[in-house]
Structures are given as structure tokens and as C-alpha cells.
Amino acid sequence: MPSYFATAIAHPNIAFIKYWGDVDPDLHIPANGSISMNLRELFSRTSVSFDPSLEQDQFILDGRQINDTGLVRVSNLLDRVRKMAGINTFASVESHNNFPTGTGIASSASGFAALSVAASKAAGLDFDEKALSRLARTGSGSACRSIPSGFVEWQAGGNDEGSYAFSIVPPEHWDLVDCIALVSQDEKPTSSSEGHSLAKTSLLQPARVADAPRRLALCRKAIHTRDFAALAQVVELDSNLMHAVMITSKPPLLYWQPATVTIMQAVQYWREGGLMVCYSVDAGPNVHVLCSRVVSGDVADRLEKLSGVQKVLVAHPGGPADLENE
Ligand code: DP6
């Protein structure tokens, strides 16, 4: 084994067209393709050390030793790496997020992307982007989109070999900004993994999935042509469709809080007044407000003044997951 230790950094991503529902929950093969943008200012930094003296894997997240399902998910990914590298050494994993974990800002995406890059390197594997994206997907679906750079598409693929993400355009292509309005920093009560398994209980999910190719095409085109009005329309529709599925699942999932709705309504009102803004909400109460760079200061100021908004994080299009110092 050429190296035993490696550290990697990866950014979370905001999905413009969302992944919700799996055809294979173990391998995280999604029901539909998705498109996202990496978030430059936010990151997970993850170190992996394969250590022959360990009797089991260890996982420390933001200074806390994790022993529950978090450790199981990390160990499962390490098992895949060990199998491919032909080793059986346990590892110590230490990860830090510079943003709040588990609040709908996909910390599992950046965390598993960074883990995949660091673990494969530390195990001596020389993976290309596609192999890293497939590996990251097995840890958390959306993590496969945090491997490539900039604006990224995850092709559903239908199986392990064909389900991975690639870059559509680099981060410099479009100076979009994501102003993330935080209304809560608590851990969400229902994880995305549980949510994905409930998606099929909503009678709206088949319609959402059937229409996904059309929304993906609209989103791709809006990105290529930097057409904000077209992007806004498809991004809000896609977010609303996912939440319609969530609230009509059995049991229903309602991630919104009153402040979430306040922000969504304000954003629509601002857009009617001519401001280039739109919203997207993941599996949590916080609201991602996308806008062009010229208005981002104004948008962040307006969001901070809304009732229930605790803080606004501002992120620009980000690069790929990468080893530190390389
Ligand atoms: C609402 O990728 O977090 O953010 O694969 O179970 O880890 P697991 O789920 P995850 O789901 C993301 C759901 C979403 C939409 C998206 O990012 O596409």
C-alpha cells in the first residue's frame, strides 16, 4: 500500500433538479436524474488513516465520536474501498464541516465526497472522476454530485455502473450566487434516506419522475444559455414538486417551518418586482435563494431582515472534490 493517510476537501451542492426516491436504496440508484451547483465557500474536510493497530473503524465528526448509523455508513464505504484495494486494515476518519450539519445543507454530500477521495487515495487506489463519483454515491446519493466541478448532472443510470455525475460547465461559466437563509440549525427529524424510501408512497411521485427528463432538459438549457428567468421557473417547480411528494407521503413529511414559507413568498414577490431571484428547499427548513452576483448583496440584506431568519450564508459556484495540497 503506497500511502496510508490522506486528506480531502469537498463542497456541498444545491440541487436545481432534485433527487427524491431510489430504485435501489442500498446502492442509492435514484428514480430520476438531477442537476446541482457546488457551493464554494462551504466545505467538508476529511482525513482517513488506515491504521493496523485499530480493532474497528473510528469516526469523529466536528470533534464528536460517532457510534450510531453515521459510523455504519462510513464503515460501509470503507468496506468497499478495502475490498477494491485488497486490504483489511481498519481506519480512523476525522471530518469537519465549516457549516451546520444535518439542516438541509447537504453535509452528507460533501462529507461522503471528501471521504471517497481521501479513503481511496489512502488505500492506494488511483480512481478517476467517474469511479470516485460512483463510490461517493454509495455513501450518500447526492455526494456523487460533489465530486465533479461547478454545475453538475447526475445521470440516474439505473445501475451501479451507469449511475454517476459529471460536470456540465465549470464554476466560472455563470456567476450565480446561493444565499442560504438559515431558519433552524437543529438536526432534521427525518433523514433524507428515510424520506427517499417514503417517496413511493405518494401518488404524486410517478408524475414527478415521469416529467423529470423535461425538467432536466429545461435546466440544462437554462445553464448553458445563462437564462435566469428560465432557471428560476424550473428550479421552483422542481422544489415544489419534491415537497408535494413529501407532504403527500405516508407518513407525511413536512420539513417547512413558518419562516420557510415567509421566505418563499418574499422571493416570489421580489421576482415579480424585477429582482433576479428564485428559491429551492431541500430536506430541511432552510431556503436556498439563488440570484445573480450583481444583486446578491441586496438579496442577502433583504433576507436578513425577514422574520425568522437567523443567518444568511453566501456561496458561489464551487470546484471539484480534491486532495488537500494537490
Ligand atoms: C432533498 O443524498 O442526502 O437534498 O442518498 O439517502 O444520503 P441519501 O440522500 P441524500 O438526498 C438528497 C435529497 C435532497 C435533494 C438533492 O440533493 O438532490
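First listed ligand is number 1; within each ligand, the first listed atom is number 1. Sequence positions, counted from 1, serve as the residue numbers for this chain.
Counting the atoms of ligand 1 from 1 in the order shown, those under 4.0 Å from a heavy atom of Ala283 are 1 (C). Heavy-atom contacts of Met242 reach the following atoms of ligand 1: 1 (C) (cutoff under 4.0 Å). Heavy-atom proximity to Ala15, at under 4.0 Å, picks out these atoms of ligand 1: 16 (C), 17 (O), 18 (O). Within the listing of ligand 1, atoms 5 (O), 6 (O), 8 (P) sit less than 4.0 angstrom from a heavy atom of His28. For ligand 1, the atoms lying closer than 4.0 Å to a non-hydrogen atom of Ser193 are 6 (O), 7 (O), 8 (P). Per-residue contacts place Gly141 under 4.0 angstrom from the following atoms of ligand 1 (heavy atoms of the residue considered): 2 (O), 5 (O), 7 (O), 8 (P). Under a 4.0 Å criterion applied to the non-hydrogen atoms of Ser140, ligand 1 contributes the atoms 2 (O), 3 (O), 5 (O), 7 (O), 8 (P), 10 (P).
Crowding of Gln65 atom CD: a count of heavy atoms from other residues, nucleotides or ligands under 6.0 Å exceeding 12.
For Lys83 and Asp79, the salt-bridge test fails: no basic side-chain N is under 4.0 Å from an acidic carboxylate O. Ion pair Asp282/Lys18 flagged as a salt bridge, since at least one NZ, NE, NH1 or NH2 atom sits closer than 4.0 Å to an Asp/Glu carboxylate oxygen. Comment: Lys311 does not engage Glu304 in a salt bridge, judged by the lack of any side-chain N to carboxylate O separation of less than 4.0 angstrom. The pair Arg82-Asp57 meets the salt-bridge criterion, since a charged nitrogen lies less than 4.0 angstrom from a carboxylate oxygen. Ionic pairing of Arg134 and Glu129 is not present here: no N-O contact between side-chain nitrogen and carboxylate oxygen is shorter than 4.0 angstrom. Electrostatic pairing of Asp160 and Arg137 counts as a salt bridge here, judged by a charged N lying under 4.0 Å from a carboxylate O.
For the pair Lys18 and ligand 1, the shortest N or O to N or O distance does not fall below 3.5 Å. Here's the thing with Ser192: one of its N/O atoms is less than 3.5 angstrom from an N/O atom of ligand 1. In terms of polar-atom proximity, defined here as any N/O pair under 3.5 Å, Asn13 makes no such contact with ligand 1.
Ligand 1 is approached by Ser108 to a heavy-atom distance shorter than 4.0 Å. Heavy-atom distances between Arg73 and ligand 1 reach below 4.0 Å in at least one pair. Between Arg145 and ligand 1 there is a heavy-atom distance shorter than 4.0 Å.
Tracing side-chain contacts under 4.5 Å through hydrophobic residues (I, L, V, M, F, W, Y), one never reaches Leu27 starting from Trp20; they form parts of separate clusters.
Here the two rings, on Trp154 and Tyr19, have centers that are under 6.0 Å apart.
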